[in-house]
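Report on the structure given below.
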Amino acid sequence: MDRVVSLDPIITTTLFIFSFTLIMSNTIVTAAACTPKDSGPVIPTTPLITFLERVQEAALKTYGHKGFDPKLYVDMSLKQNLSTTVAAFDKLTRTANGSISVEELNGFLEKYLGGAAEDLVYVDPVDFVAEPEDFLPKVKSPEVRAWALEVHSLWKNLSRKVSGQVLENPDFYTMLPLENPVIIPGSRFREVYYWDSYWVIRGLLASKMYETAKGIVYNLISLIDEFGHVLNGARAYYTNRSQPPLLSSMVIDIYNRTHDETLVIRSLPALVKEHEFWNSGVHQVNIMDADGTNHSLSRYYALWNQPRPESSTTDRETASKLSNNCDKTQLYRELASAAESGWDFSTRWMRNESDLATLTTTSIIPVDLNVFILKMELDISFLAHVVGDAVTAGRFSEASQARKKAINSVLWNAEMQQWLDYWLSDSNPSKEEVYTWRRSGQNQKVFASNFIPLWIELFNSDVKMVDDVVLSLQNSGLVRSFGIATSLTNSGQQWDFPNGWAPLQHMIAEGLVRSGSKHARCVAKDIVVKWTRTNYVAYKKTGAMHEKYDVEKCGGFGGGGEYIPQTGFGWSNGVVLAFLEEFGWPEDLKLDC
Ligand SMILES: OC[C@H]1O[C@H](O[C@H]2O[C@H](CO)[C@@H](O)[C@H](O)[C@H]2O)[C@H](O)[C@@H](O)[C@@H]1O
């Protein structure tokens, strides 16, 4: 199947009556039948995924909601060809509501489908040693060192490579064939994820596992080569969206340790291509500020307008309260776009905090996304210098200056001393049109993402400004006893209060510590100590590292959202190791909270 998609056409004419597919040379663009608001591009799915979604639906009807995880079914594989399997599935006896007897469905799954975890196999990382030389030199406490070595040893549990069977018969699997081993987040997340990999790599660098780190980057580059962007995760059902773009950060951090120019030469064209993905078509938004200056910024916008296959039954349920099919189609795009943001789900994207069906992700210019792209521009400029490409270096340096101005003008709020997401007005201008900035468009609700600009030097080098923003952070209510909360709203969504996520702690603390401000460095250390302690206490209590933590409870893990709390866990392990590497731990500082 051709997976190349043009991001160009937002067709803003009248209501379409039929779906249509344009097939142009190397390009497939499917536009769905709906109102102009939902005429954005769609990457076609595959017959295998469509079939596994049917199995998922039948499984929910048959087994019921208790303990049901929809993702399990789209991670299964075929044992025989698809048409034989579909024919056998269609012959199963069904009740009027579509359920099948448990015995019959069990028998079908056993005979025709491979288990969800069979497409990746354990592999010993080539560069893992039980105690790396010069491991975490600033950690002086023996207790902390012993625990850090346990966390380090978890890389072995999370290391996988794609099974030989996937390589032989890729059409039978939703797993995408990747050349190098990967580190998975853990539990239900049985494949490599895009933005998770940044913090995994930070941990691998602390563990001196440079080859594993590079292998992950080469895998992600191969996804850009094939699909034009890094996918949300390495599954066929994730081809229609990306995730927060941190590939350039991975490359820079590995390069700074290894000085591997081959990595830079291989990465540069891929990063330029990725930059184009985020700065063209539906991802790009033009906005005119209060002084009449035009700016270009980016937004999340999934190339998909149906239920997410890995959560198909859940998304249908969420959409069931909407009566109009066009509204459903739009909601499906908003759900997938929220997944592209990595913050799935959060009141950050919702018009009504208690109603997930009011998601409006594609109408928001997010602070963090634009900071990541600004960093990408600075990183590309730096990497181009490394290989002597002055033209590219200059082009991306200029792009970064333009985006800095745009962020300061559109997203900065001087009264709050924070950067705020910008909500676009309801009208939907065509590609040529420019949104006009309105003060009321800035979302004044407090989210940890409002402080992510602090992560990069362009926003953390002015000491006076950093001190003001830090004061605003301290007064925001986000800094709690055991870390930084994601938001102030306890909505039951996982990217909200009282959950704290490792990536958010890391970016804010690292930004503060690298700033010129003494006060900011103290605040950073405090965050690091609190976060490390709660991770440790939870580990001692449960024997596991967790995907997210409850910042109100010492040793409490997070909850809420659409799946049960997960352990493993790639980015949490990475952040603990990165914190201990950067900040160390004195001998006399207690680890318990
Ligand atoms: O299956 C539901 C959703 O799960 C993923 O999102 C969450 O886990 C990811 C892996 O740790 C993480 O990157 C993301 O920030 C989490 O919210 C997945 O990325 C979603 O696309 C998926 O729909």
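As the structure lists them, so they are numbered: ligands from 1, and atoms in each ligand from 1. Atoms considered below: every heavy atom in the structure, side chains included; atoms not considered: hydrogens, waters and symmetry mates.
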Open item on the list: If the condition is salt bridge (charged side-chain N to carboxylate O under 4.0 Å, His left out), which residues does Asp368 pass it with, not counting sequence neighbours?
Closed with: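 Applying salt bridge (charged side-chain N to carboxylate O under 4.0 Å, His left out) to Asp368 gives Arg348.
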
Task: Residue among Asn499, Asp496, Asn450 satisfying side chain to side chain donor-acceptor pair (under 3.5 Å) with Ser487 - done: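 Checked Asn499, Asp496, Asn450 against Ser487; only one passes side chain to side chain donor-acceptor pair (under 3.5 Å): Asp496.
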
Open item on the list: Under a 3.5 Å threshold, yes or no: a donor from one side chain and an acceptor from the other, between Asn279 and Arg403?
Closed with: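 A donor-acceptor contact under 3.5 Å links the two side chains.
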
Open item on the list: If you compare all heavy atoms of Ile183 against all heavy atoms of Val192, which two are closest, and at what distance to 0.1 Å?
Closed with: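 So the two residues come closest at O-CG2, 3.9 Å.
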
Check ligand 1 against the protein and report each N/O to N/O distance under 3.5 Å, formatted as atom name, atom name, distance.
unit_1	atom_1	unit_2	atom_2	d
ligand 1	1 (O)	Arg188	NH1	2.9
ligand 1	6 (O)	Asp344	OD2	3.0
ligand 1	11 (O)	Asp196	OD2	2.7
ligand 1	13 (O)	Trp195	NE1	3.1
ligand 1	13 (O)	Asp196	OD1	2.6
ligand 1	13 (O)	Gln243	NE2	2.8
ligand 1	15 (O)	Trp195	NE1	3.2
ligand 1	15 (O)	Gly342	O	2.5
ligand 1	17 (O)	Gly342	O	3.2
ligand 1	17 (O)	Asp344	OD1	2.5
ligand 1	17 (O)	Asp344	OD2	3.4
ligand 1	17 (O)	Gln494	NE2	3.4
ligand 1	17 (O)	Trp495	NE1	3.1
ligand 1	19 (O)	Asn232	ND2	3.1
ligand 1	19 (O)	Gln243	NE2	3.3
ligand 1	21 (O)	Asn232	OD1	2.6
ligand 1	21 (O)	Arg241	NH2	2.8
ligand 1	23 (O)	Arg241	NH2	3.4
ligand 1	23 (O)	Arg308	NH1	2.8
ligand 1	23 (O)	Glu310	OE2	2.5

Task: Centroid-centroid distance, Phe68 to Tyr563, less than 6.0 Å - done: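 When the ring centroids of Phe68 and Tyr563 are compared, they turn out to be at least 6.0 Å apart.
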
Task: Reported OH-to-NE2 distance for the pair Tyr194 and His229, which is rounded to 0.5 angstrom - done: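 The distance works out to 10.5 Å.
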
